[in-house]
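Below is one structure, written out as C-alpha cells, with a few remarks after it.
Start at 1 with the first residue, then count along the sequence.
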Amino acid sequence: MDESILQLAEYPNAFGRIFKVTQEDIDGFGHVNNAVYLKWLDATVWAHTRNVGLDEHTCQTLNRGMAVVRHELDYISSAYLGDEIAVFNWLSANDGKLRASRTFQVVRIKDKKTLLRARTDYICTDLSTGRPKRMPQQFAEAYQITLIAAPTASREQAISA
C-alpha cells in the first residue's frame, strides 16, 4: 500500500488494502450494503494473515485457524459507486494462547472520511474438530500486537465523527 494512503490510518503500524466500490456492492438505497464492509474486513484479514506467513496451507498443516467469535461494527458514513476505500487493520490483542483481536478503520480515500470502525475477536481452533485449541507458537509469533493503545471511543463518539 502506498505511503500516502497509509497516512490516512488513525494509528501507526497499519496493514491495509484498497477496494473500489462496484455496482455489485450497492444496495437498494444507492450506497454500499452493510455486508460488503464485513467482506472487505475479512479480505484484509486474509491478506494480512498471508503476509505474516500463515496462508491457508500453513494453517491446514498446523491444523489451526483463528475463528471469529464476535464482530463489533460502527457504521459512521456511507460509501458510493466508484469510491476507493482503504481498509486498515491492527492486531490489538493476542494472549499467545487462545484469543486475539483486531481493530479496523475504513476510510474513503478521496475525502479522507472514516466510514466505519470495527473490532473483531477471534479464538484459535482445531480445524479438524472446530473446537478451541491452544494456538501454535507460529501463530503467537506471527500475530504480534501492532496497536498498543486500542481506541476507547464510545459508540456515540464514533457515530458523531
Requested in this report: State plainly whether one hydrophobic cluster holds both V52 and F15, where clusters connect Ile, Leu, Val, Met, Phe, Trp and Tyr through side-chain heavy atoms under 4.5 angstrom apart.
Outcome: no
Solution key, residues 30-45 side-chain donor-acceptor pairs under 3.5 Å, sequence neighbours excluded:
residue : atom : partner : partner atom : Å
N33     : OD1  : A35     : N            : 2.8
Y37     : OH   : A79     : N            : 3.1
T44     : OG1  : W40     : O            : 2.9

Calculate, to the nearest 0.5 Å, the distance between atoms [atom1] and [atom2] belonging to [X] and [Y] respectively.
| X | Y | atom1 | atom2 | value |
| --- | --- | --- | --- | --- |
| N89 | T103 | CG | OG1 | 9.0 Å |
| W46 | L54 | CH2 | CG | 9.0 Å |
| Q105 | D74 | CD | CG | 12.5 Å |
| I145 | D95 | CD1 | CG | 9.0 Å |
| L127 | L62 | CG | CG | 9.0 Å |
| K110 | K112 | NZ | NZ | 14.0 Å |

What heavy-atom pair brings [X] and [Y] nearest, and what distance separates the two atoms?
| X | Y | value |
| --- | --- | --- |
| M135 | N94 | CE-OD1, 3.3 Å |
| T125 | A67 | CG2-CB, 3.8 Å |
| I85 | R108 | CD1-CA, 4.0 Å |
| M66 | L98 | CE-O, 4.1 Å |
| A47 | R17 | CB-CD, 3.4 Å |
| Y122 | R102 | OH-CD, 3.6 Å |

Contact between [X] and [Y] at the side-chain level, heavy atoms closer than 4.5 Å - yes or no?
| X | Y | answer |
| --- | --- | --- |
| E10 | F88 | no |
| L115 | I76 | no |
| F19 | V21 | no |
| L91 | Q144 | no |

Query - Salt bridge present between E56 and R50 (N-O < 4.0 angstrom) - result: yes
Report task. For the pair R64 and Q138, evaluate side chain to side chain contact (heavy atoms under 4.5 Å, CB included) and give the outcome as yes or no after the intermediate values. Result -> CA-CA 10 Å; R64 294 291 186 285; Q138 195 168 345; over 6 Å; no
Requested in this report: Hey, can you tell me if F139 and Y143 have their rings parallel, tilted or perpendicular (30° and 60° cut-offs)?
Outcome: perpendicular
Report task. Would you sort out whether F104 and L73 count as a side chain to side chain contact (heavy atoms under 4.5 Å, CB included), showing the intermediate values? Result -> CA-CA 9 Å; F104 299 88; L73 292 83; over 6 Å; no
Requested in this report: For S101, enumerate each residue passing the side chain to side chain contact (heavy atoms under 4.5 Å, CB included) test, keeping only those at least two apart in sequence or located in another chain.
Outcome: S92, A93, R119, D121
**Report entry** Flag, side chain of N13 to backbone of W90, donor-acceptor distance under 3.5 Å
**Finding:** no
